[in-house]
2 protein chains.
Amino acid sequence: MTTSGTRKTPTSTELAAWREYIEAAEEMRRAVSSAMQDQSGVSSGDYSVLLALSEADGHRLRSSALADDIGWERSRLSHHLGRMEKRGLVARDRCGEDNRGAWIAITAEGSSLFRTASAAHFRVIRRLFVDALDDGELEGVRAVSAALRRHVRSTGGNASQDD
Amino acid sequence: MTTSGTRKTPTSTELAAWREYIEAAEEMRRAVSSAMQDQSGVSSGDYSVLLALSEADGHRLRSSALADDIGWERSRLSHHLGRMEKRGLVARDRCGEDNRGAWIAITAEGSSLFRTASAAHFRVIRRLFVDALDDGELEGVRAVSAALRRHVRSTGGNASQDD
DNA sequence: TCCTCCTGGTTGACATGTCAATCATAAGAG
DNA sequence: CTCTTATGATTGACATGTCAACCAGGAGGA
């Protein structure tokens, strides 16, 4: 990628970009999460789970399929489902086809909360993110984010001393 | 801001940009944090604290000044300092001028770990972030991130129904 | 002095994430 | 059929974050 020879540490310009990026993302995450909480009582984690279940056949999914859908580790999902189950938003049912497995289903209460939360979600994303950018910037953000994801996925596991 | 009339929800293009952005940031955070942990045993939180203390006069700061420096809430900092103190990286001393206050000082062990971690930090940022982007993209990311931060700071607290 | 209010900081309860260990069942080898 | 191994999912221990309550000490006025 960059080919500036034997440079080992980022320049101050590069570091400034990094800091701006990571802090912006952090502030955005915090703001969205707090606004969602206020307006609907649903966290982004809850929202991801409810969305995947809402779109699923029969409004239910096997635990591991749900984890794949939303890109979570299974243990993370299991803990989160425990909390959501306690709140009555989802139900866990034994799976006949495979007695190890579990079906995760959205409850009526979960569906109803999801509808409210969807509206709030869209409002919040528009107000905090979309409205801050023009169409060109939006496309730029999308493209660069996709590039970063590709880069992290292809490079991320390798922790070698890369010089 | 946007003036497309009565639109209430983001378009699918806008939503796609949002998803790409927030997931890229999340994956980046996770990858950096995991690489830092592997290479130096220091989390980003630890790193922020150690950096601020290293740069401070006498390598120590009042707790609230430290919180301001790194932009954390005081309770978050207090919890984190408790964990770092247990590991021997920082020390809390009573403050003579104001008996309510506390001086937070970096220990010798903390300083030494910080030097290691700095090198790892720079390597990781370069490998995972800087190397993914050319100079133009880097500047674009910086500018858009700054714009997003400004927008969130000016809009964030206001949770009104914005149409 | 005494009373009230402000301020620096800590605490407890809880939500969220990660990792390694565990448990039960399924699947395949013999 | 039994033993070993793989798989689906949960658990426990801990790090990290947020919020609201608290506590102790300073500051100012009557």
Side-chain angles (χ1 to χ4, degrees), chain A residues 23 25-38 41-49 60-87 89-105 156-157, chain B residues 23 25-38 41-49 60-87 89-104 156:
Chain A
E23 305 214 334
E26 182 54 26
E27 285 170 32
M28 183 63 74
R29 194 195 55 69
R30 210 194 316 281
V32 167
S33 145
S34 149
M36 283 286 290
Q37 198 56 243
D38 287 354
V42 166
S43 72
S44 355
D46 299 335
Y47 187 76
S48 299
V49 168
R60 63 175 201 168
L61 284 172
R62 291 292 297 273
S63 185
S64 42
L66 176 52
D68 282 353
D69 267 21
I70 62 183
W72 287 12
E73 290 182 17
R74 277 199 254 158
S75 114
R76 177 182 176 187
L77 179 61
S78 189
H79 283 300
H80 204 96
L81 288 177
R83 292 185 297 264
M84 291 181 74
E85 192 177 21
K86 211 179 314 181
R87 292 196 285 152
L89 305 182
V90 300
R92 285 194 250 219
D93 303 302
R94 289 198 65 79
C95 168
E97 304 93 81
D98 184 337
N99 281 310
R100 290 167 300 185
W103 284 109
I104 313 298
Chain B
E23 306 213 334
E26 181 55 23
E27 286 170 33
M28 182 63 73
R29 193 193 56 70
R30 210 193 315 282
V32 167
S33 142
S34 149
M36 283 285 289
Q37 197 58 242
D38 287 354
V42 165
S43 71
S44 353
D46 299 334
Y47 187 76
S48 300
V49 169
R60 62 176 203 170
L61 283 171
R62 289 291 298 271
S63 183
S64 42
L66 176 51
D68 281 353
D69 267 20
I70 62 183
W72 287 13
E73 290 181 16
R74 278 199 252 156
S75 118
R76 178 181 174 188
L77 179 60
S78 188
H79 283 300
H80 204 96
L81 288 178
R83 292 185 297 263
M84 292 181 75
E85 193 177 21
K86 212 179 313 183
R87 293 197 284 151
L89 306 182
V90 300
R92 286 194 249 219
D93 303 302
R94 289 199 66 79
C95 169
E97 304 92 83
D98 184 337
N99 280 311
R100 289 167 299 187
W103 284 109
I104 313 299

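Chain naming here is simple, since letters A, B, ... match the order of the sequence lines and numbering starts at 1 in each. Since this is a predicted model, take the numbers as computed values, not measurements.
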Selection from [options] that lies nearest to any side-chain heavy atom of [X]:
X       : options               : value
A:Ser63 : D:dA9, D:dG17, C:dT10 : D:dA9
B:Arg83 : D:dT10, D:dT16, C:dG9 : D:dT16
A:His79 : C:dG9, D:dA13, D:dA6  : D:dA13
B:Ser64 : D:dA9, C:dG8, C:dA26  : C:dG8
B:His80 : C:dT18, C:dG9, D:dG17 : D:dG17

Atom-pair distance ([atom1] on [X]; [atom2] on [N]), nearest Å:
X        : N      : atom1 : atom2 : value
A:Leu77  : C:dT18 : CG    : P     : 12 Å
A:Ile104 : D:dA9  : CD1   : C1'   : 9 Å
A:Glu26  : D:dT16 : CD    : P     : 14 Å
A:Glu73  : D:dT11 : CD    : P     : 17 Å
A:Arg29  : D:dT16 : CZ    : P     : 14 Å
B:Gln37  : C:dT18 : CD    : P     : 13 Å
A:Glu97  : D:dG8  : CD    : P     : 14 Å
B:Ile70  : D:dT16 : CD1   : P     : 12 Å

Taking all heavy atoms of A:Asp93 and all of A:Ala105, pick out the closest pair and write down the distance. OD2-CB, 4.2 Å
Tell me the closest heavy-atom pair linking B:Gly41 and B:Arg87, and the distance in Å. O-NH1, 3.6 Å
Give a yes or no answer on whether the side chain of B:Arg94 reaches the backbone of B:Asn99 with a donor-acceptor pair at less than 3.5 Å. yes
Is any side-chain nitrogen or oxygen of [X] closer than 4.0 Å to OP1 or OP2 of [N]?
X       : N      : value
B:Arg87 : D:dA15 : no
B:Arg94 : C:dG9  : no
A:Ser43 : C:dT16 : yes
A:Asn99 : C:dA24 : no
A:Arg76 : C:dG17 : yes
B:Arg74 : C:dG9  : no
B:Ser75 : C:dG9  : no

Does the pair A:Ser44 and A:Gln37 meet the rule for a side-chain contact (heavy atoms from CB on, under 4.5 Å), with working shown? CA-CA 9 Å; A:Ser44 355; A:Gln37 198 56 243; over 6 Å; no
With nearest nucleotide decided by heavy atoms, which residue, A:Asp46 or A:Asp98, maps closer to the 5′ end of DNA chain C? A:Asp46
If the test is side-chain contact (heavy atoms from CB on, under 4.5 Å), which one of B:His80, B:Arg83, B:Met84, B:Met36 qualifies with B:Ser43? B:His80
Heavy-atom nearest nucleotide on DNA chain D for A:Ser34 versus A:Arg100: which residue maps closer to 5'? A:Arg100
Does the distance from a Lys or Arg side-chain N to an Asp or Glu carboxylate O, for A:Arg29 and A:Glu26, drop under 4.0 Å? yes
